[in-house]
Amino acid sequence: MEWLNRLKMTSVKKSIPALLLFVAAAVVILLVSKCYGVFGMLTPKTFDQLTPDHLNGVFVDDDIDFIYDYYVEETQTKNGRYVGIVGRQYIIDMDDEYYYMGLYAHQGALKDANEMMEACWDAADGELAPADLPVYHVRGLIREMTEEDLSYYREYTSDLGMDDAFLPYYLEIDYINNVPIVLSVILLLVVFLLVGLGVWRIVKALTGGFQKQVRAKLSESGDLEVEAEKAERFYESAPETSGVKMDRNYVFFQNGAESILLRPWDVAWAYQSTTQHRRNGIPTGKTYAAVLWTMDGKQYTLGMAEAAVQTLLETMSTALPGVVLGYDEELARLYKNNRNAFRQRWEEKMPELGQSQRFSGGGSL
């Protein structure tokens, strides 16, 4: 069984690039979206818990008592025509004593924010009793104002002579770092999924999951340990052509991290696949692969250079005499509708391998 353990390590090595790719994608999503701010939702703060020195990146879930006015209004146009308001930034109290900050309402929160601001104006004018002010509940992440937003903020507050009191931060209602909370949660789940997929491949490799097909194939012939010893002798002695080992008893190759072991007569049909790549309609190159179809309907696509594909097919014509080589539409239809014809061909070629395997069914090729 030492051979199977060695194959495990091969699968681990081949799984590492996928792990790195998944982790890199997860890191990019984290850095670009900053969706890690979702974790702040686990321990939200209220305004009375905030201090001027510790605002950035704090998730707040609390009621707002008063909105004074807005200092930035974002509008949207389409084909040069005004569509409507899509965002406003307001001034609110950070505490009950001295400090103020911004409140950023995107389109979905505008209606409630405007109603609260107008109610506060009515209260300031004596048209509404302070006790009748509505309760305005908000949640979101506090972040530093952008340079542009800060310029409008300072322009609005400069005449008040209280620059130190107006802190350069705003709470984005239902947003985390300029991304809606719902989308931030989804992105964070995607990050966990990507990392999980990468780790899962490593765990699967370490536990021999990528050798499941090999063990099943060996067990078809008898005791697993006995057959594994035979397969190991084959693996050590058989020549390798374009990444494929083959002799009269076995065919072996790595399909990515997965180890594949076949009997020669399991392989029904093989041919070269050529893919033309284009960008904006302009050819940019070709990629090649050897495509192997088995008697049980499975397909294996082994990417390699064109010369390697041709070398492999030439070797297969001698080492695996029962395999049908080359592609045309008639062979594709025959493989789909009458695979027994491929089995019949192998039956005729078995003596060349010194084998006596027999298949059920008939047909001709």
**Message:** Between D328 and Y271, do the side chains contain a donor N or O and an acceptor N or O under 3.5 Å apart?
**Reply:** no
**Message:** Using only atom types and a distance under 3.5 Å, with no angle test, would you say the side chain of R215 pairs donor to acceptor with the backbone of G208?
**Reply:** yes
**Prompt:** Does some side-chain heavy atom of D62 sit less than 4.5 Å from a side-chain heavy atom of K45?
**Reply:** no
**Prompt:** Are the charged groups of E236 and R233 less than 4.0 angstrom apart, N to O?
**Reply:** no
**Prompt:** Would Y153 and Y170 satisfy ring-ring contact (aromatic ring centres under 6.0 Å, His included), going step by step from the backbone distance to the final call?
**Reply:** CA-CA 10 Å; Y153 183 61; Y170 44 51; 8.5 Å; no
**Asked** Above 12 or not: heavy atoms from other molecules or residues under 6.0 Å from NE2 of H54?
**Response** no
**Message:** Around atom CZ of R278, are there more than 12 heavy atoms from other residues, nucleotides or ligands closer than 6.0 Å?
**Reply:** yes
**Asked** Donor-acceptor pair, E258 side chain versus N255 backbone, under 3.5 Å?
**Response** no
**Item:** Note, F166 side chain near I91 side chain (heavy atom, < 4.5 Å)
**Value:** yes
**Asked** Are a donor atom and an acceptor atom from the side chains of Q310 and Y288 found within less than 3.5 Å of each other?
**Response** no
**Message:** Given the ring of Y235, does K245 sit roughly above its face, with NZ or CZ under 6.0 Å from the centre of the six-membered ring and within 45° of the axis?
**Reply:** yes
**Message:** Closer than 3.5 angstrom, by distance alone: can the side chain of T301 be matched with the main-chain N or O of V291 as a donor-acceptor pair?
**Reply:** no
**Message:** Tell me whether Q76 contacts the main-chain N or O of I85 through its side chain, where contact means a donor paired with an acceptor under 3.5 Å.
**Reply:** no
**Asked** Got more than 12 heavy atoms from elsewhere within 6.0 Å of CD, E225?
**Response** no
**Message:** Please give me the minimum heavy-atom distance between K8 and T207, naming the atom from each residue.
**Reply:** CE-C, 4.2 Å
**Prompt:** Quick one: are M101 and P52 in side-chain contact, heavy atoms under 4.5 Å?
**Reply:** no
**Item:** Sub-4.5 Å side-chain heavy-atom contact between Y152 and V72
**Value:** yes
**Request:** State, yes or no, whether a side-chain contact exists between Y71 and E155 at a heavy-atom distance under 4.5 Å.
**Result:** no
**Prompt:** Tell me, do K34 and V179 make a side-chain contact under 4.5 Å, heavy atoms counted?
**Reply:** no
**Parallel, tilted or perpendicular, as decided by the 30° and 60° cut-offs, for the rings of W293 and W269** = parallel
**Prompt:** So do the side chains of M162 and Y100 get within less than 4.5 Å of each other, counting heavy atoms only?
**Reply:** yes
**Ionic contact status for K230 with E227, cut-off 4.0 Å** = yes
**Message:** What I want to check is whether the side chains of D53 and T51 have a donor and an acceptor closer together than 3.5 Å.
**Reply:** no
**Item:** Any donor-acceptor pair under 3.5 Å from T294 side chain to D266 backbone
**Value:** no
**Asked** Are R263 and Y250 in a cation-pi setup, meaning NZ or CZ lies under 6.0 angstrom from the ring centre and within 45 degrees of the ring axis?
**Response** yes
**Request:** Mind running side chain to side chain contact (heavy atoms under 4.5 Å, CB included) on V244 and T315 for me, showing each step along the way?
**Result:** CA-CA 10 Å; V244 180; T315 302; over 6 Å; no
**Message:** I'd like to know if the side chain of K204 reaches the main chain of G209, judged simply by a donor and an acceptor atom lying under 3.5 Å from each other, with no hydrogens or angles considered.
**Reply:** no
**Message:** Taking E144's backbone N and O only, do any of them form a donor-acceptor pair with N56's side chain (distance below 3.5 Å, no angle check)?
**Reply:** yes
**Cation-pi check, R339 onto Y335 ring (under 6.0 Å, within 45° of axis)** = yes
**Prompt:** Same hydrophobic cluster for V28 and L21, using side-chain heavy-atom links shorter than 4.5 Å among ILVMFWY?
**Reply:** no
**Request:** Spell out, as yes or no, whether a donor-acceptor pair under 3.5 Å connects the side chain of S242 to the backbone of A308.
**Result:** yes
**Test item: side-chain donor near acceptor, E329 and Y327, under 3.5 Å** = yes
**Asked** Going by an N to O cut-off under 4.0 Å, is there a salt bridge joining E2 and R6?
**Response** no
**Prompt:** Does the side chain of T241 reach to within under 4.5 Å of the side chain of T311, using non-hydrogen atoms?
**Reply:** yes
**Request:** Give a yes or no on whether E147 atom CD has more than 12 heavy-atom contacts from other residues, nucleotides or ligands under 6.0 Å away.
**Result:** no
**Message:** Could you see if F342 belongs to whatever hydrophobic cluster contains W265? Use Ile, Leu, Val, Met, Phe, Trp, Tyr and a side-chain cutoff under 4.5 Å.
**Reply:** yes
**Message:** Could you tell me if E73 and T75 have a donor-acceptor pair between their side chains, going purely by distance under 3.5 Å?
**Reply:** no
**Prompt:** Would you say the side-chain atoms of E74 pair up with the backbone N or O of V86, donor to acceptor, closer than 3.5 Å?
**Reply:** no
**Asked** Going by atom types only, do D69 and Y156 share a side-chain donor-acceptor pair under 3.5 Å?
**Response** yes
**Message:** Please check if the number of heavy atoms outside R248 that lie under 6.0 Å from its CZ is greater than 12.
**Reply:** no
**Message:** Counting only heavy atoms from other residues, nucleotides and ligands, does the tally under 6.0 Å from CD of E330 exceed 12?
**Reply:** no
